[in-house]
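Notes to accompany the following structure.
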Amino acid sequence: MKKTTSLLLKCVFALQIISASTSHAHNPTTEDSLTKSCFYSAKAELENMLSGKIPLNYERAIFITENAYRGNAIDYSEYKKILDIHTERILNLIHNNNEADKQVFKNNILYTKAEQKEQYRKLLTNWAIYTYLTDTTYSVNKNEFVYYLPFQYSWNDPLSTIDWSNSQVLNLLTHKNGNCYALAALYKILSERLSSDANIATAPNHIFIVHSDLKGISYNIELASKVFPG
């Protein structure tokens with residue numbers, strides 16, 4: 001599993017660099033030298049991740065490639081603070097919907113009781129991430145009722161041919177609107193933060209999420225249309 005995850009991360013990293021570099025190549029400006037410097041810096045850090053010189057970090061990899069597109073104008077600590085806020089909201093959603101005490105976990109020939117509890121935790125976490133991204137959610141903060149609107153799919157620009165930033169997590173965090181790549185990448189970041197073992201999968205001209213159910217069977221999560229295709 002770790003080998004597969006590592007290979008997947010390599011593919012995603014490569015896709016980010018190639019796509020972002022191509023976008024800039026079609027829009028040359030007088031700041032080309034700065035742009036190249038930003039992308040080469042991101043490329044060097046990704047190479048260090050892939051060679052084992054520094055730990056693999058998908059959240060960081062997404063940031064440095066997208067920030068290079070923006071001339072490294074975004075502060076990494078601010079990016080992490082925003083993700084911290086979303087992570088905390090999802091944790092509250094998990095806490096308020098946790099019914100582990102109502103489940104019956106027994107050792108069987110496939111899984112131990114402890115493994116079943118962990119499967120339940122991961123499934124609940126993935127449900128919470130999916131729900132937070134695709135539906136209106138609620139919480140009570142200091143006796144005040146607060147609701148959070150879902151993230152939206154960029155139906156008017158699904159391939160980011162009008163605005164390349166529609167494919168970026170940074171844009172999604174700012175405007176809550178993005179294509180399948182941005183939505184899947186944000187889901188993956190939140191999954192890694194919460195250890196839910198969700199993975200990114202690709203199809204022709206598309207990208208989506210895959211994770212396991214309580215029986216260990218994988219199924220697909222489509223964030224754009226909010227369905228679960230076979």
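Here, residue 1 is the first one in the sequence, and each next residue gets the next number.
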For a quick test of reading the model, state the closest non-hydrogen atom pair linking [X] to [Y] and the distance between them.
X	Y	answer
N156	I162	O-CD1, 3.5 Å
T65	I62	OG1-O, 3.0 Å
A61	L46	CB-CD2, 3.6 Å
S212	G216	OG-O, 3.8 Å
I189	E59	CG2-OE1, 3.6 Å
N199	K188	OD1-NZ, 3.6 Å

Mark yes or no for whether [X], through its side chain, and [Y], through its backbone, hold a donor-acceptor pair below 3.5 Å.
X	Y	result
S165	Q168	no
S167	S160	no
E78	I74	no
N48	K53	no
N96	N92	yes
N107	K113	yes

Worksheet item: Using 4.0 Å as the upper bound for N to carboxylate O, is an ion pair formed by E45 and R60?
Response: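 The answer is yes: the pair qualifies as a salt bridge.
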Fill in: R70 and E66 ion-paired at < 4.0 Å
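Salt bridge absent between R70 and E66.
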Please check if the number of heavy atoms outside [X] that lie under 6.0 Å from its [atom1] is greater than 12.
X	atom1	result
F145	CZ	yes
D75	CG	yes
E144	CD	no
Y40	OH	no

Any [X] side-chain heavy atom under 4.5 Å of [Y] side chain:
X	Y	result
Y76	I64	no
Y153	P158	yes
V210	I221	no
I209	L183	no
L173	Y79	yes
N166	N171	yes
R193	L83	yes

What about [X] and [Y], same hydrophobic cluster or not, with Ile/Leu/Val/Met/Phe/Trp/Tyr joined at side-chain heavy-atom distances under 4.5 Å?
X	Y	result
Y58	I90	yes
I85	L133	no
V169	L159	no
V227	Y181	no

Calculate, to the nearest 0.5 Å, the distance between atoms [atom1] and [atom2] belonging to [X] and [Y] respectively.
X	Y	atom1	atom2	answer
L194	I94	CG	CD1	5.5 Å
I54	M49	CD1	CE	4.5 Å
Q116	R121	CD	CZ	15.0 Å
N72	C38	CG	SG	3.5 Å
H95	L93	NE2	CG	11.5 Å
D84	L91	CG	CG	10.5 Å

Discussion item. Can you classify the ring geometry of F208 versus H206 as parallel (below 30°), tilted (30 to 60°) or perpendicular (above 60°)?
Written reply: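 Aromatic pair F208/H206 classed parallel.
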Practice prompt. Hey, can you tell me if Y187 and H211 have their rings parallel, tilted or perpendicular (30° and 60° cut-offs)?
Written response: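 If you compare the ring of Y187 with that of H211, the planes turn out parallel.
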Discussion item. Enumerate the side chain to side chain donor-acceptor pair (under 3.5 Å) contacts for residues 127-140, please, sequence neighbours excluded, ordered by first and then second residue.
Written reply: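 Found H86-Y132, R89-Y132, W127-T131, S139-Y148.
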Worksheet item: Step by step, would you call S195 with K122 a side-chain contact (heavy atoms from CB on, under 4.5 Å)?
Response: CA-CA 7 Å; S195 303; K122 289 178 180 178; over 6 Å; no
Worksheet item: When you look at F105 and Y111, which way does the side-chain contact (heavy atoms from CB on, under 4.5 Å) test go after all the steps?
Response: CA-CA 10 Å; F105 300 111; Y111 303 107; over 6 Å; no
Discussion item. For residues 203-230, which residue pairs pass the salt bridge (Lys or Arg N to Asp or Glu O under 4.0 Å) check, not counting sequence neighbours?
Written reply: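 Passing the test, one end in residues 203-230: no pairs.
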Discussion item. Do K176 and F151 form a cation-pi contact, if we require the NZ or CZ to be under 6.0 Å from the six-membered ring centre and within 45 degrees of the ring's axis?
Written reply: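 Yes - K176 lies over the ring of F151, closer than 6.0 Å to its centre and within 45° of its axis.
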Item to complete: Start with the C-alpha gap between I129 and S191, add the side-chain angles, then the distance that decides, and say whether side-chain contact (heavy atoms from CB on, under 4.5 Å) holds.
Response: CA-CA 8 Å; I129 297 172; S191 172; 4.3 Å; yes
Discussion item. Suppose we screen for side-chain contact (heavy atoms from CB on, under 4.5 Å). Which residues come up paired with A73, at least two apart in sequence or across chains?
Written reply: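 Once residues adjacent in sequence are excluded, A73 has no partner under the side-chain contact (heavy atoms from CB on, under 4.5 Å) criterion.
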Fill in: S154 and N179: side chain donor to acceptor below 3.5 Å
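There is no such pair (donor and acceptor under 3.5 Å, judged by atom type) between the side chains of S154 and N179.
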